[in-house]
> 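This is the structure, below, for whatever I ask next.
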Amino acid sequence: MYHCHLRFYFIGQPGRVAEVIEEMPPLAHFTHEFSASAEPEHALAAKADVIIAGLGARDVKEAVRALNRWKKEGAELILLAEPNQISLLTDDFSEIKDIWIMPMSDGEIRFRFLRWQQNCKMSKDLWETGHYLEATINNVPNLIWYKDKNGIHEKVNDSFCRTVNKTKEQAEGRGHAYIWNVEHDDPACIESEREVMSKRKTFVSEEIVQAGEETRTLTTYKSPLYDLDGSVMGTVGVAIDVTQERAYEQEIIKQNQTLETIFTTMDCGVLCHTVDGMRIISINRAALRILGYKSKEELQASGFDMFAASVLEEDREALKDRVKELKKEGDSISIEYRVRHADGELLHVMGNIKVLMENGELIYQRFLLDITAQKLQAKKKEMRQLELIHALGIDYNLVCFFDLDAGIGNIVRNDDSDGHEFDAVFNKSMSLEESMEIYI
């Protein structure tokens, strides 16, 4: 992926060296550019990535030191030297990339330059791999660390540093206790890493760590790292901070428990079952009580088929006809029907059935409300009205109405032939007691 453009600078009389190198093709990802001068030039040396200098008869030490001063950081210096000049360079070996002993044949030039190209490419490939690693581990929210077999952190990523509030320089080379600001290394952490190294496999665990004054919950993945000889030399760990997620889970659990409590204790019955009516998904206690059963299993065993067996037979057909109206998600109907318990008690139920989608499946959600008391109250009110109508239908001379709460009444009908005989007795301004006293 990378591209590397190399500027070569030949100094002195390199002879066939320059010609052979210029003829050789660059390796993949590389391009070459060449310049040359008989004497060292500061400007050319400062731009070059690789300086290939023939020492000739010049002052070797001074020439090498001048080139090292002029070349840019990271540039490489290759010297073309006579055998008797090697001893003069011992003090500057650390500043020299390579020394090619002259004279060399064309084949040897090609061999040496190819080896240099391969080493250069290996260096750039290593840089690319390191860049991939750094870009990857430092731009993810997960904590990543590399430890030796003694638990010392060799490398950590940016997220790790942010979590422990330390720089990489502070964290790398230190153990668990110092990094996490605790007195002792975590025994659970030590044991998990020992198990990873001994069994040579990845282990996943959830760990609770103390980061300063905060407690963090981490889901960790730990894997072994292998040395050149195949032995385990340490571990690599990746941790996902799930502290907030665990808090959300606990909150959801609490809310679900609250909803479950409401669901199971509410007066309104709630029943969910499959569209074919053969399987009950859930039911609360109120629905069981209304339908006359003690458990979901008892209801299912009684022959539940869309409706409970306790629903009156004469109401079933009307229920089935209404259910046929439900075609798609969101459709709903409301209907009144009756239920008779095993002990003979008759209940009036107001039911609502709605089509919902749950886990990709259509289901029926039903609400059942016991309206028996309301029905009885309505029946009593109806009877009172009938009694009043009946009373009004009898040929009384006088019919009065009294508000028993307020104690005030008025005349509903007065068939007095004179029309005034009872006016003084039943007056709107008089109470029932006063009217009765005057009447008597």
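Just the heavy atoms: all of them, side chains too, but no hydrogens, waters or symmetry mates, feed the values below. Predicted model, so just to flag it, every value in this text is computed and none were measured.
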> Start with the C-alpha distance between Trp70 and Asn68, add both sets of side-chain angles, then the distance that settles side-chain hydrogen bond (donor to acceptor under 3.5 Å, both in side chains), and finish with yes or no.
CA-CA 6 Å; Trp70 294 348; Asn68 279 323; over 6 Å; no
> Would you kindly say whether Trp116 and Glu76 are connected by a side-chain donor-acceptor distance under 3.5 Å?
yes
> Looking only at the side chains, is there a donor atom on one of Lys296 and Asn284 sitting less than 3.5 Å from an acceptor on the other?
no
> Do Arg338 and Leu347 have side chains that get closer than 4.5 Å, going by heavy atoms?
no
> Which of these passes side chain to side chain contact (heavy atoms under 4.5 Å, CB included) with Asn157: Asn139, Val140, Val238?
Val140
> I'd like to know whether His153 forms a ring pair (Phe, Tyr, Trp, His ring centres under 6.0 Å) with Phe160, so could you lay out the CA-CA distance, the side-chain angles of the two residues, the decisive distance to 0.1 Å, and finally the verdict.
CA-CA 11 Å; His153 294 75; Phe160 185 97; 5.5 Å; yes
> Give every residue pair that meets the side-chain hydrogen bond (donor to acceptor under 3.5 Å, both in side chains) criterion with at least one member in residues 224-244, sequence neighbours excluded.
Arg216-Asp241, Asp229-Ser231, Asp241-Thr243
> Counting only heavy atoms not in Glu108, do more than 12 fall under 6.0 Å of its CD?
yes
> Without hydrogens or angle criteria, can the side chains of Tyr9 and Asp49 be said to hold a donor-acceptor pair below 3.5 Å?
no
> Determine all donor-acceptor pairs shorter than 3.5 Å in which one atom belongs to a side chain in residues 348-358; sequence neighbours excluded.
residue : atom : partner : partner atom : Å
Asn352  : ND2  : Ile333  : O            : 3.2
Asn352  : ND2  : Ser334  : OG           : 3.0

> Please check if the side chain of Lys166 supplies one atom and the backbone of Ile179 the other of a donor-acceptor pair under 3.5 Å.
yes
> What verdict does the side-chain hydrogen bond (donor to acceptor under 3.5 Å, both in side chains) test give for Ser192 and Lys222, after you've listed the backbone C-alpha separation in whole Å, the side-chain angles of each residue and the deciding distance to 0.1 Å?
CA-CA 8 Å; Ser192 65; Lys222 296 181 180 180; 2.8 Å; yes
> Going by ring-ring contact (aromatic ring centres under 6.0 Å, His included), name the pairs with one or both residues in residues 286-335, residues two or more places apart or in two chains.
His273-Phe304
> When you measure from the side chain of Thr220 to the backbone N and O of Glu207, does any donor-acceptor pair fall under 3.5 Å?
no
> Do Trp127 and Asp125 have side-chain N/O donor and acceptor atoms under 3.5 Å apart?
no
